**Student:** 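I am attaching a structure below and will ask some questions about it afterwards.
This is a predicted model, so every value here is computed, not measured.
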Amino acid sequence: TCPCDVTGLFETVSDLVSAPGIIENVLAIPLLRECFIELRDGQIPIMLGYSDSVRDGSTLASDAQISATSLKLNELETQLNLKYASELKNKKFEICFYRGRGDA
């Protein structure tokens with residue numbers, strides 16, 4: 001096993017918009033999907049936002065996009081669990097996102 005852990009970071013407004021598609025593309029790769037299922041029990045850690053998302057837009061725009069991305073990631077989680085149900089067996093994908101904050 002790999003001693004390092006990897007967390008997705010989606011910081012700028014365009015990163016946030018792209019996040020669901022990127023996660024879906026990562027999990028379309030069988031080896032990576034298997035790693036998330038077997039080594040992480042289906043958990044997919046993601047950090048949303050940081051100082052660049054505020055610099056890239058405004059605080060309001062950043063917060064709105066982080067909220068919109070969070071909702072889309074929740075929808076994606078449901079879709080992924082249905083799509084890969086036979087591989088997941090008794091496990092489920094869980095997109096675990098947390099809010100990054102930094103200086104603007």
**Student:** Taking all non-hydrogen atoms of both residues, which atom of Leu48 and which atom of Ile66 are closest, and how far apart?
**Tutor:**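 Between these two residues, the closest heavy atoms are O-CD1, 4.1 Å.
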**Student:** How far does CD of Glu94 sit from CG of Asn74, to the nearest 0.5 angstrom?
**Tutor:**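 Here the interatomic distance stands at 10.0 Å.
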**Student:** Rounded at 0.5 Å granularity, tell me how far CG in Leu32 sits from CG in Leu39.
**Tutor:**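 Output value for this atom pair is 11.0 Å.
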**Student:** Side chains of Asp41 and Phe36, heavy atoms from C-beta outward: is any pair under 4.5 Å?
**Tutor:**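 Counting from C-beta outward, Asp41 and Phe36 never come under 4.5 Å.
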**Student:** Rounded to the nearest 0.5 Å, how far apart are CE of Met47 and OH of Tyr98?
**Tutor:**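 OH of Tyr98 is found 6.0 Å from CE of Met47.
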**Student:** Looking at CD1 of Ile37 and CD1 of Ile44, how far apart are the two atoms once the value is rounded to the nearest 0.5 Å?
**Tutor:**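 Spacing of CD1 (Ile37) from CD1 (Ile44) equals 9.0 Å.
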**Student:** Quick one, Asn81 and Leu88 - any side-chain contact, counting heavy atoms below 4.5 Å?
**Tutor:**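 They are in side-chain contact.
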**Student:** Quick one: pull up CZ in Arg99 and CG in Asp63 and give me the separation to the nearest 0.5 Å.
**Tutor:**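 Answer rounded to 0.5 Å: 4.5 Å.
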**Student:** Please examine the side chains of Lys91 and Glu38, heavy atoms only from C-beta on, and report whether any two atoms are closer than 4.5 Å.
**Tutor:** yes
**Student:** Which atoms form the tightest heavy-atom contact between Glu87 and Arg33, and what is the distance?
**Tutor:**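 Shortest heavy-atom contact: OE1-NE, 2.7 Å.
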**Student:** Is it possible for you to say whether Leu76 and Leu71 belong to one hydrophobic cluster, with membership spreading through side-chain heavy-atom contacts below 4.5 Å?
**Tutor:**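 Cluster IDs for Leu76 and Leu71 differ.
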**Student:** Where the side chain of Gln65 meets the backbone of Val13, is there a donor-acceptor pair that is under 3.5 Å apart?
**Tutor:** no
**Student:** Does a side-chain heavy-atom distance below 4.5 Å link Thr69 with Phe97?
**Tutor:**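 A side-chain contact is absent here, since even the closest heavy-atom pair is not under 4.5 Å.
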**Student:** Assigning hydrophobic clusters by single linkage (Ile, Leu, Val, Met, Phe, Trp, Tyr; side-chain heavy-atom cutoff under 4.5 Å), is Leu82 placed with Ile95?
**Tutor:** no
**Student:** Does the side chain of Ile46 come within less than 4.5 Å of Phe10's, by heavy atoms?
**Tutor:** yes
**Student:** Contact between Pro45 and Arg40 at the side-chain level, heavy atoms closer than 4.5 Å - yes or no?
**Tutor:**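 Yes; the side chains approach each other to less than 4.5 Å.
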**Student:** Does Thr12 offer a backbone N or O that forms a donor-acceptor pair with the side chain of Asp15 under 3.5 Å?
**Tutor:**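 It does hold such a pair.
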**Student:** What is the distance from atom CG of Leu73 to atom CG of Leu80, rounded to the nearest 0.5 Å?
**Tutor:**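 Rounded to the nearest 0.5 Å, the CG-CG separation comes out at 9.5 Å.
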